Number of protein chains: 2
Amino acid sequence: MSKREERRGERRAAILETASQFFMEQGFAGTTMSAVAAGLGGSKGTLWSYFSSKEDLFAACIEGKIEAFRAELVSVLDPGAPLRPAIEGFCRSFMAKIREPNSIALYRLLVGQSMRAPEAGRIFFERGPGVIEALLTAFLRGQVEAGRLRDEPPLEMAQVLISLCNGISHQRLLLGLAPDHAPYKPPAPKRITELFFRLYGVAEAT
Amino acid sequence: MSKREERRGERRAAILETASQFFMEQGFAGTTMSAVAAGLGGSKGTLWSYFSSKEDLFAACIEGKIEAFRAELVSVLDPGAPLRPAIEGFCRSFMAKIREPNSIALYRLLVGQSMRAPEAGRIFFERGPGVIEALLTAFLRGQVEAGRLRDEPPLEMAQVLISLCNGISHQRLLLGLAPDHAPYKPPAPKRITELFFRLYGVAEAT
DNA sequence: GCAATTCCGTACTATATAGTATCATTTTAT
DNA sequence: ATAAAATGATACTATATAGTACGGAATTGC
């Protein structure tokens, strides 16, 4: 790769990083191209030489954030591990991830723009939560077939577990409340795991 | 009330209705005051004689929608009824309500504006979901004390039930996906009730 | 009937911001 | 060294829209 192309890639990445920050913090309407250029230390002409419109820039930022989101969560499930710790580990990672300020901001952005840009929501779901759901379902299906979980639909199991992890804290965070806004105490991954096994565990082994 | 005041009230209500529709469908940034005035069949001057700014109008619309949301859901829980049908009825009403296009639109609006207008999110939660949660918790506490449910924290029970009702379908709807976007089949209230009793039911009676 | 409001319609101002044009300066390729 | 490409600074255009001003018409109170 020539030095020109290399620099071009770096510049593009820098633009995306700065713009993402603005979009996450100020939303789509609240972010101005001039502000992005200023925050970048660059000029508007450069901006338009990389992205042909504000919509373009926004789409590229979302794209990048989705990748980051998915990548961090996909690596969580280890089908080889013992069942109960695996479930608990999944809950812990998943809950930590969806509560990160970055994740909340991304989610807010997508929900808020889902009328203006409905495609973004679909893409996000299919590459993010959809992938997690599919992986978890496959994992649980294997456990059912191995007789370590009740013989009930794995997809339902996955969605129940994810719903419990999302819980109410996610809603509160999306609406901008403090995570422990009274009278709430977020449930521990251990507790969620216990409930999950009460629902779907087989009698003998755990 | 004089006829003047009466007409003034009607006009105000008409403005709120029209503006709400625009805000719900187009979002805050996507709604223009001129469009509201036009859709109203009125003029901009009148608009500003009722609300001193776009922000004011927006706040009033949200206020109204919150009331409608809460009112419809609060009447659901009947502490006197038999336990299992009561739970199932709650699930049915709650799920139907949160999936209404109106509720989705309101939720989107609040989440999308939770950076610009964080107060709105808090108010909504405290008057809407917060009230539901409190009522359900009180109801469940009574059942626990009557020995018809396991002796576990009623608040947790309530949040588990609500989480299961929200489930994944709510997320999909918020992101603008079809409610049955593959591979999803929304769970029935009956099924959720079954799971709930598997978690918290006492052995003998149901 | 008459006076006071209220409303509509329209034209207007002020402002913010997406996007363009220009030119000097720096960086890279040959 | 020199040409080509990219960058930065600045000024600019075009447009959308929040909010204002005002005159005439309708509605209401007395």
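Quick note on labels: first sequence line is chain A, next is B, and so on, each numbered from 1. Owing to the predicted nature of the structure, the values given are computational and were not obtained by experimental measurement.
Using a 4.0 Å heavy-atom distance criterion, A:Phe51 is classed as making no nucleic acid contact. Residue contacts shown for A:Ser52 are absent, as no nucleic acid heavy atom lies under 4.0 Å away.
Side-chain nitrogen and oxygen atoms of B:Arg4 include none within less than 4.0 Å of the OP1 or OP2 phosphate oxygen of D:dT27. At C:dA29, one or more side-chain N or O atoms of A:Ser2 fall inside 4.0 Å of OP1 or OP2 (strictly under the cut-off).
If you check distances only, the side chain of B:Lys44 never reaches the base of C:dG9 with a donor-acceptor pair under 3.5 Å.
Whole-Å rounding puts the B:Ile15 CD1 to C:dT6 P distance at 13 Å. Separating the OH atom of B:Tyr50 from the P atom of D:dT20 is a distance of 17 Å, rounded to the nearest angstrom. For the pair B:Lys54 NZ and D:dT17 C1', the computed distance is 8 Å after rounding to whole Å. The interatomic distance linking B:Trp48 (CH2) with C:dC12 (C1') rounds to 13 Å, in whole Å. Per the geometry, NZ belonging to B:Lys3 stands 19 Å off P belonging to C:dT5, to the nearest Å. Atom CZ in B:Arg11 sits roughly 13 Å away from atom P in D:dT28 (whole-Å rounding). Here C:dT13 presents its P atom at 21 Å from CE of B:Met33, a figure rounded to the nearest Å.
The overall bend of the helix from C:dG1-D:dC30 to C:dT30-D:dA1, read as the angle between its terminal helix axes built from five base pairs each, is 30° when rounded to 10 degrees.
Checked against side chain to side chain donor-acceptor pair (under 3.5 Å), A:Tyr50 has no partners two or more places apart in sequence or in another chain.
Only B:Gly41, B:Gly42, B:Ser43, listed by number, bring a heavy atom of residues 34-43 of chain B to less than 4.0 angstrom from any atom of DNA chain C.
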